[in-house]
Amino acid sequence: MVQKEKPSEDGDKKKAKRPDLKAITKMFEANATMYPEKRIGDLPGISVGHRFYSRAEMVVVGFHSHWLNGIDYMGLSYSKGEYHNYTFPLAVAIVISGMYEDDLDNAEDVIYTGQGGHDLTGNKRQIRDQKLERGNLALKVCLWFKLASLSLFRCWYIGEQAQVRGKNCVEQCVPVRVVRGHECASSYCGRVYTYDGLYKVVQYWAEKGLSGFTVFKYRLRRLEGQPILTTNQVQFSYGRVPQSVAEIRGLVCEDISGGQEDVPIPATNLVDDPPVAPSGKLDS
DNA sequence: GAAATAATTGTT
DNA sequence: AACAATTATTTC
C-alpha cells in the first residue's frame, strides 16, 4: 500500500504538490482500495496497534475516509438498506492529533473536542463557536447510555428525546475507531498514526473552551477486552535506531532487563512529568 | 455545487 | 523553525 502511494510520474513539468492525495485519487479510480464502503467497528485486517504512515493510508484502506477531517461519519445516505435500523449521521472513526487546544487525552479515557471553529493555521486556536452539526452531530448520535440493567446500550434519538425502540433502547452498540497521531522521525511525513481500538462515547456537552468560544466535547471510554494500549506510553523506534542512549528521548531506565539480556533494553517515558521510571522486577 | 475540514508540502 | 499555500473528498 505504501508502495502504491508513491508519487506518479506524470507530473514532469508540474510537481505534484501532494503526491499522497494524487495517489489516493488514482487508487480510487483503479478500484484499488480495500473498503470503499464505510463500516462500523473493526475492519478485518486492521488490528489494534496498526500503524499508518500518513492520513492518506487510512483513506485508501477505508479506515478513515478523510485525509483532513478528524471525524469520519456515515452520512444520511447510509440510512437505507443494510443500515436502515440506525440513526444517522453516525460517527465511525476519529483521529486525535492534538490540533485542538481543548482536547484531553488520558489514553483509556479521552475528552475529544468537536470539529469546527478552528482557525486552521496550526496554532491550535478556536476563533468561532462550534455548532452541533456534521461530525459533532455524528458523535453525539453515538452516545451510549447507562441503563438500569448495568449494560450500556446505544439509544436512538428522535429530536432531543432518547427513545427506546421497542422498549426504550436498542441492543446495538456503535463504537468509534480511535486513531492517534504521534511524532515519528522515520515516517516520511514526520508522524505516524496508530489504531488504538474501539471507544464508546459516554458523555457529551458544550462548554466555553480555552479561547472563550463554544466547543463540543465528547468523553470517550475505551471498550474492554481489547489489546492493551501501549502506543501512547511507549516510544517505539522503527527504522533508524538510536546510536547511543543519549539519543533516546525521555529515557528513564537504561536496561529494564537488569542485565539479563545481552542487549540492554532501554525504557522511555514521555507521558509523565517528571518522568517516572518503571517499577517492579522482571522475572527470568 | 458550495462549504467545511487541517495535513502535508513548499517557502522564508 | 515558523508560516503560508495547496489540497480533494465528503456532505447536504
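Throughout, a chain's letter reflects where its sequence line sits, starting with A, and its residues are numbered from 1.
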For the pair A:Arg180 and A:Asp196, find out whether any cationic side-chain nitrogen is under 4.0 Å from an anionic carboxylate oxygen.
-> yes
Lys/Arg-Asp/Glu bridge criterion (N-O < 4.0 Å) met for A:Asp109, A:Arg222 =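 No, this pair does not count.
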Choose from [options] the nucleotide whose nearest atom is closest to any side-chain atom of [X].
X: A:Tyr73; options: C:dT11, B:dT8, C:dT6; result: C:dT11
X: A:Leu68; options: B:dA6, C:dA8, B:dT8; result: B:dA6
X: A:Trp67; options: C:dA8, B:dT9, C:dC12; result: C:dA8
X: A:Lys22; options: C:dA8, B:dT9, B:dT5; result: C:dA8

Please report the distance, rounded to the nearest Å, between [atom1] in [X] and [atom2] in [N].
X: A:Ile94; N: C:dT10; atom1: CD1; atom2: P; value: 19 Å
X: A:His64; N: B:dT5; atom1: NE2; atom2: P; value: 13 Å
X: A:Asn69; N: B:dA3; atom1: CG; atom2: C1'; value: 11 Å
X: A:Lys26; N: C:dA8; atom1: NZ; atom2: C1'; value: 15 Å
X: A:Arg125; N: B:dA6; atom1: CZ; atom2: C1'; value: 16 Å
X: A:Gln130; N: B:dA6; atom1: CD; atom2: P; value: 9 Å
X: A:Arg191; N: B:dA7; atom1: CZ; atom2: C1'; value: 7 Å
X: A:Asp119; N: C:dA4; atom1: CG; atom2: C1'; value: 13 Å

Under-4.0 Å side-chain N/O to phosphate OP1/OP2 contact, A:Ser77 with C:dC12 |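 So the side-chain polar atoms of A:Ser77 never come under 4.0 Å of the phosphate oxygens OP1 or OP2 of C:dC12.
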Has A:Lys38 got a side-chain N or O lying under 4.0 Å from the OP1 or OP2 atom of C:dT11?
-> yes
Considering only heavy atoms and no angle criterion, is a donor-acceptor pair shorter than 3.5 Å present between the side chain of A:Arg18 and the base of C:dA8?
-> no
Would you kindly say whether [X] and [Y] are connected by a side-chain donor-acceptor distance under 3.5 Å?
X: A:Gln203; Y: A:Trp205; value: no
X: A:Thr194; Y: A:His182; value: yes
X: A:Ser65; Y: A:Asp72; value: yes

Residue closer to the 5' end of DNA chain B, A:Arg134 versus A:Arg55 (nearest nucleotide) = A:Arg134
Taking for each residue the nucleotide of DNA chain B with the nearest heavy atom, is it A:Gly116 or A:Tyr193 whose nucleotide lies nearer the 5' end?
->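 Taking each residue's closest nucleotide, the earlier one in sequence belongs to A:Gly116.
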Residue whose closest nucleotide on DNA chain C lies nearer the 5' end, A:Tyr78 versus A:Thr121 = A:Thr121
Select base, sugar-phosphate, or nothing to describe what [X] touches, counting heavy atoms under 4.0 Å on all strands.
X: A:Gly135; value: nothing
X: A:Leu21; value: sugar-phosphate
X: A:Phe28; value: nothing
X: A:Ser97; value: sugar-phosphate
X: A:Leu76; value: sugar-phosphate

Would A:Arg177 count as a cation-pi partner of A:Phe63, with NZ or CZ less than 6.0 Å from the six-membered ring centre and within 45° of the ring normal?
-> yes
